[in-house]
Number of protein chains: 2
Amino acid sequence: MADFNQIRRSEHLPARIAAQIGKEISEGRIAPGEKLPTEHLLSKTFGVSRSVVREAIAQMRNEGLVETRQGVGAFATDTQHRHSIRIEQDNLADRGSFRSLFQLRLPLEIEAAGLAAVHHTADDLAKLDETLGRMSGADKWTDEGIVADLAFHRQVAAATQNEYFLMFLGFVAERIHLAINAARETAVLEEIVEITIAEHVAIRDAIATGDPVKARDAMRRHLIGAADRVDLKVDVF
Amino acid sequence: MADFNQIRRSEHLPARIAAQIGKEISEGRIAPGEKLPTEHLLSKTFGVSRSVVREAIAQMRNEGLVETRQGVGAFATDTQHRHSIRIEQDNLADRGSFRSLFQLRLPLEIEAAGLAAVHHTADDLAKLDETLGRMSGADKWTDEGIVADLAFHRQVAAATQNEYFLMFLGFVAERIHLAINAARETAVLEEIVEITIAEHVAIRDAIATGDPVKARDAMRRHLIGAADRVDLKVDVF
DNA sequence: GCTTGTAGGGTTGTCTGATAACCTTATATG
DNA sequence: CATATAAGGTTATCAGACAACCCTACAAGC
């Protein structure tokens, strides 16, 4: 079978325009507080209709990049005041970016394990065991196994009883998994599923004991191992 | 004086509709993978034009809540696959939520301090000193002082040379500062500016030595102190 | 029977033009 | 000098149309 790639229809006109205007802002060509060109003018310069420009501006407004005032115009806001966090998946194809995100994940996961050890409920432990079962059940490192792996880490985050740990860790872990998925060498991965399961069990047991230090150590070891398996060097103190 | 309420043109029609549809999804009335009504139908049921419905759907698409396929329709996606992170500022008025977010901030800031100690450049140190100067310069805990405080923490994050630490910490710290601002007791805050400055200096010096353990300790002490000053109990291991 | 071509209807994407709501500024008015 | 009014520009919303695209069903050919 041929591989049939790049059919991508250069998706979504408004998104591309939003990205372009956003670049103008983040690279300082439009200073914070400064007024953007009018929608009418933008539609002419980009050669698209006003609807598209409006949708692009709406997107930036949702992200907090610009503010609009009816009858006045659209104004660039500071990058520092973003209302949301977003990561373009393409960026993670770059190994440096990927490493940076993994480095960010480290303290979050470790802290989450510690908090989970202290705050978990019986129900949390049951759900953890359930995801472990699903992972062992998948006899190969198939998609199902990867999904179960993600579910395990999500469940640890949920066990902290802290909504934001779940929100942030779920977000970061998902991005990392997608990036690994995009570039994976299945051959390598099949060998290491056993190790991963063993480490997951160790984390689960540590959480069950209620000792945050042990839980953190188990999670730290797991992540360092995981980083090692994809040839990633991370800073650990 | 009258009470001047509902003048708010209940701002932004598309946002309200997006919220309403979003609620339908998050409360399960529209299952993941299920198709939304057509734009034409939605515009009729809500009594607005299709442009507004389109903008609402575009917003949800940006957040990863729905996916659209031309010629087919819009489909609800799982909450777990969000493309962006967003926190409603109102949620942080709740003390529990505020505490949760602060708890999330802890490991990020501490890790950032450690990484900054290892990876900072001379330029980073200079910028750190500059923000420290601005904070001392403001003789009261005015807005300027708060801005400088935020800038200091942002600069530490920047010194990690890790774009994602800057992105996430900037986001979280900003949300926390806004929440504190919304509910602050100025009287209390004026007394503690001196302490904060001293702690900032300690962090800066620790980073300058290049010792990650010292930098982490300094940041940990600072945050625990800060939490204490707003009567917040956090978990520390 | 199976594949391929074609037509049709439905949906989202984009365009165009118009009207309403709103803000700013300048000018007139007392 | 303060207020009212008018004018012009900008965003918000509306309405209708066409283009691009997907899916299904049915016909045609092998």
Side-chain angles (χ1 to χ4, degrees), chain A residues 1-2 4-22 24-25 30-31 33-77 83, chain B residues 4 6-22 24-25 30-77 83:
Chain A
M1 264 291 193
F4 292 125
N5 280 355
Q6 60 262 31
I7 12 124
R8 277 234 152 297
R9 246 200 171 315
S10 65
E11 51 182 309
H12 229 212
L13 206 44
R16 278 190 295 168
I17 290 184
Q20 190 147 345
I21 299 177
E24 295 282 316
I25 294 177
I30 299 178
E34 195 174 334
K35 187 171 161 304
L36 269 62
T38 69
E39 296 178 352
H40 196 70
L41 191 60
L42 283 174
S43 76
K44 261 197 294 189
T45 59
F46 282 111
V48 298
S49 83
R50 217 186 118 208
S51 323
V52 174
V53 171
R54 275 192 62 72
E55 198 168 314
I57 290 181
Q59 176 177 336
M60 291 191 292
R61 183 179 44 224
N62 289 337
E63 295 172 17
L65 253 163
V66 303
E67 284 176 7
T68 61
R69 280 160 49 202
Q70 184 174 175
V72 184
F75 299 84
T77 60
H83 292 167
Chain B
F4 291 125
Q6 57 259 42
I7 16 128
R8 274 237 149 295
R9 210 163 178 11
S10 56
E11 48 183 309
H12 230 210
L13 209 43
R16 275 192 299 167
I17 290 183
Q20 189 147 344
I21 299 178
E24 296 282 316
I25 294 177
I30 300 178
E34 197 174 334
K35 187 172 161 303
L36 269 63
T38 69
E39 296 179 352
H40 194 69
L41 189 61
L42 283 174
S43 77
K44 260 198 293 190
T45 59
F46 282 112
V48 299
S49 82
R50 214 185 120 204
S51 321
V52 174
V53 171
R54 275 192 62 71
E55 197 168 315
I57 290 180
Q59 176 176 337
M60 292 192 291
R61 183 178 47 223
N62 290 340
E63 295 172 17
L65 254 164
V66 303
E67 285 177 5
T68 60
R69 281 158 50 200
Q70 183 174 176
V72 184
F75 299 84
T77 61
H83 293 167

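Below, all heavy atoms of this structure are taken into account, side chains as well, without hydrogens, waters or symmetry copies. Reminder, nothing fancy here: chain letters follow the sequence lines and each chain counts from 1.
- Inter-residue side-chain proximity for Leu42(B) and Ile57(B) is flagged as met; some heavy-atom pair is nearer than 4.5 Å.
- Taking atom CZ of residue Phe75(A) and atom P of nucleotide dT11(D), one finds them 9 Å apart after rounding to whole Å.
- Within a 6.0 Å sphere centred on NZ of Lys35(B), heavy atoms belonging to other residues, nucleotides or ligands number more than 12.
- Applying the 4.0 Å criterion to OP1 and OP2 of dC23(D), one finds that Arg69(B) has a side-chain N or O inside that range.
- Along DNA chain C, the nucleotide closest to Gly71(A) and the one closest to Ser51(A) are compared, and the more 5′ of them pairs with Ser51(A).
- Summarising the geometry of Ala58(A) relative to Glu55(B), their closest heavy-atom pair is CB-OE2, 3.6 Å, with the distance given to 0.1 Å.
- More than 12 non-hydrogen atoms from other residues, nucleotides or ligands lie less than 6.0 angstrom from CD of Glu34(B).
- No side-chain heavy atom of Val66(A) sits under 4.5 Å from any side-chain heavy atom of Ile21(A).
- Listed by first and then second residue, the salt bridge (Lys or Arg N to Asp or Glu O under 4.0 Å) pairs that reach into residues 62-75 of chain A are Glu63(A)-Arg86(A), sequence neighbours excluded.
- One finds no side-chain N or O of Arg54(A) lying less than 4.0 angstrom from the OP1 or OP2 phosphate oxygen of dT16(C).
- At a threshold of 4.0 angstrom between heavy atoms, the contacts of Thr68(A) are confined to the sugar-phosphate backbone, with no base atom among them.
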Give every pair of a protein N or O atom and an N or O atom of nucleotides 18-20 of chain C that lie under 3.5 Å apart, one pair per line with the distance.
unit_1, atom_1, unit_2, atom_2, d
dA18(C), N6, Arg50(A), NH1, 3.4

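- With rounding to whole Å, Glu55(A) atom CD is found 11 Å from dC15(C) atom P.
- Scored by the side-chain hydrogen bond (donor to acceptor under 3.5 Å, both in side chains) test, Thr68(A) finds Arg61(A) as partners (sequence neighbours excluded).
- Remark: Glu24(B) pairs with Arg29(B) by the side-chain hydrogen bond (donor to acceptor under 3.5 Å, both in side chains) rule, at least two apart or across chains.
- Near-neighbour residues of DNA chain D inside residues 36-47 of chain A, defined by a heavy atom below 4.0 Å, number-ordered: Thr38(A), Glu39(A).
- When rounded to the nearest whole Å, the span between CE of Met60(A) and C1' of dT11(D) equals 14 Å.
- Arg50(B) is linked by a side-chain hydrogen bond (donor to acceptor under 3.5 Å, both in side chains) to Glu39(B), counting only residues two or more places apart in sequence or in another chain.
- Separating the CD1 atom of Ile17(A) from the C1' atom of dG13(C) is a distance of 13 Å, rounded to the nearest angstrom.
- Between the C1' atom of dT13(D) and the CD1 atom of Ile57(A) lies a distance of 15 Å, rounded to the nearest Å.
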